[in-house]
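Each remark here refers to the structure printed beneath this line.
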Amino acid sequence: MKNNQLRNLPAVDEVLAFSGVEELITNYPRPVVVTAIRDTLEDLRKSILEAKNIQDENVDISPEAIALRVSHRCEEVLRPRLRRVINATGVVVHTNLGRSILAKSALQALMEVARGYSNLEYNLESGERGSRHDHIRDIIIRLTGAEDAMVVNNNAAAVLLALSAIAKDKEVVVSRGQLVEIGGSFRIPDVMRQSGASLVEVGATNKTHLEDYRKAISENTGMLLKVHSSNFKIVGFTSEVSISSLVSLGQEYGVPVMDDLGSGMLVDLAEYGSIDEPTVHESINAGAQIVTFSGDKLLGGPQAGIMVGARKYISMCRTHPLARAVRVDKFTLAALEATLRIYLDPQGCLQQIPTLNMITQDVDSLMPKAKRLAEQLTKVVGKRYYIEVVTETSKAGGGALPLLEIPTAAVAVMSEDSGINELESRLRAHTPPIIARIKEERLILDVRTIAEDEFGEIVSALNA
Ligand SMILES: *Cc1c(COP(=O)(O)O)cnc(C)c1O
């Protein structure tokens, strides 16, 4: 039986002439189809050889079955791996789902620069070589009050560059409570080692006092560093030294102070449900010599690391050899400049920057949206699922506001026959994939992070 089947497997050329496969050649590049045929035949050969009983041996090698397998393989090869997904988790700055989504004007700017040549490093006035950093220095200075600014690939790079340029072979004093790990691949002590600076830990995990820093300062001290605790919070009996006290201490000893804000905010959102992330302005006003923050966390722009502060130190960073290795690309610059431009109007930014818009919605404004989604779902799949509008809580995400639970409106989906886990994985396998969470046997679709124009896709995914 096995030998018979193996002998009956067609050759690649024969498969190319099968109806169904012939048409694939018009839709897919020929080498892709040929490889798909080879791989398919190899798979079939293996299945036949490995068959352990009559049932397994009954491998379908009809032209139709082979053509179908080849077609699936072609689809798989050409389907983009990095794809848009629908974020139904309610986590606004979801690091695994790409953090911030861009404002419309940022998308336009990105397209414009991608489509044609640009003045990336060309000075249009003088007709000579220019610097990529010039394009957004002025707007960052205007928005933060800093003396100087530069942008690099991400905030991890900003911290690495600043430590390398300013504190190499010197000691950097940090509070023990701020030796954070972010996302498993960014640890302050590790970054410090890479930069050639040595770490001097002061204080206890929960409390660090100004005197702790003072005692640690020596002639080898190159920097006092404050790191925003981002993704955790120490609660109970705690005390931290404020950035302005650190700056005074630094001035006393002639040592620069760096504030790694992590997310960083350009506007104060304290009035919106206790969103009390520190603003960049506060650090600059307090006199920090270097402040670093991400472009794609609460700022709501593309992945980037923004460094602002005193001219002397920013300039040391700009001219350091590592600056080239961590330099920002033109697409990021275009999208970031457009995003920052929105901040010139503090009211407009809550409307136009998706991250800020989503994070500041209260449950009352989300409730009608949840009702609309529930209505559409009930209309189409109300017989198969039990659909209900519920109040839930969303998270900010992205290593910001770890304890904040934002009241939100969501649609809960319950299923009687098929399990809820199966439904969740079916939505994940849909095109576009829909990422939702399960809570108490119910699938929760948090409308905070779902765009209204994605409702249709959610309905058809549940209907599939
Ligand atoms: C997120 C974060 C970083 C890393 O920023 P990326 O932009 O992800 O590189 C560094 N420091 C702090 C405090 C952070 O929260």
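Treat the numbers as computed from the prediction; the structure is a model and nothing was measured. Residue numbers count from 1 along this sequence. Counting starts at 1 for both ligands and their atoms, following the listed order.
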Query raised in the report: In Å, rounded to the nearest 0.5 Å, how long is the span from CD of Q361 to CG of L356?
Result: 11.0 Å
**Report entry** Donor-acceptor side-chain pairing of N463 and S460 below 3.5 angstrom
**Finding:** no
Query - K439/E392 under salt bridge (charged side-chain N to carboxylate O under 4.0 Å, His left out): CA gap, chis, key distance, verdict - result: CA-CA 10 Å; K439 189 181 170 189; E392 262 294 326; 2.9 Å; yes
Query raised in the report: For R99, is the nearest heavy atom under 4.0 Å from an atom of ligand 1?
Result: yes
Query raised in the report: Measuring from the heavy atoms of Q303, does anything fall under 4.0 Å of ligand 1?
Result: no
Query raised in the report: For T208, what residues pass the side chain to side chain donor-acceptor pair (under 3.5 Å) criterion, not counting sequence neighbours?
Result: S175
Query raised in the report: With a cut-off of 4.0 Å, which atoms of ligand 1 are near a heavy atom of A156?
Result: 4 (C), 5 (O), 6 (P), 9 (O)
**Report entry** Ligand-residue contact atoms, ligand 1 with H228, heavy atoms, under 4.0 Å
**Finding:** 13 (C)
Query - Heavy-atom gap D260 to ligand 1 smaller than 4.0 Å - result: yes
Query raised in the report: So do L377 and Y385 actually touch side chain to side chain, heavy atoms under 4.5 Å?
Result: no
Query raised in the report: Which is closest to atom 6 (P) of ligand 1 by heavy-atom distance: A158, S294, G264?
Result: S294
Query raised in the report: So, is N155 polar-close to ligand 1, with some N/O to N/O distance under 3.5 Å?
Result: yes
**Report entry** Check: I140 and V151 side chains under 4.5 Å, non-hydrogen atoms
**Finding:** yes
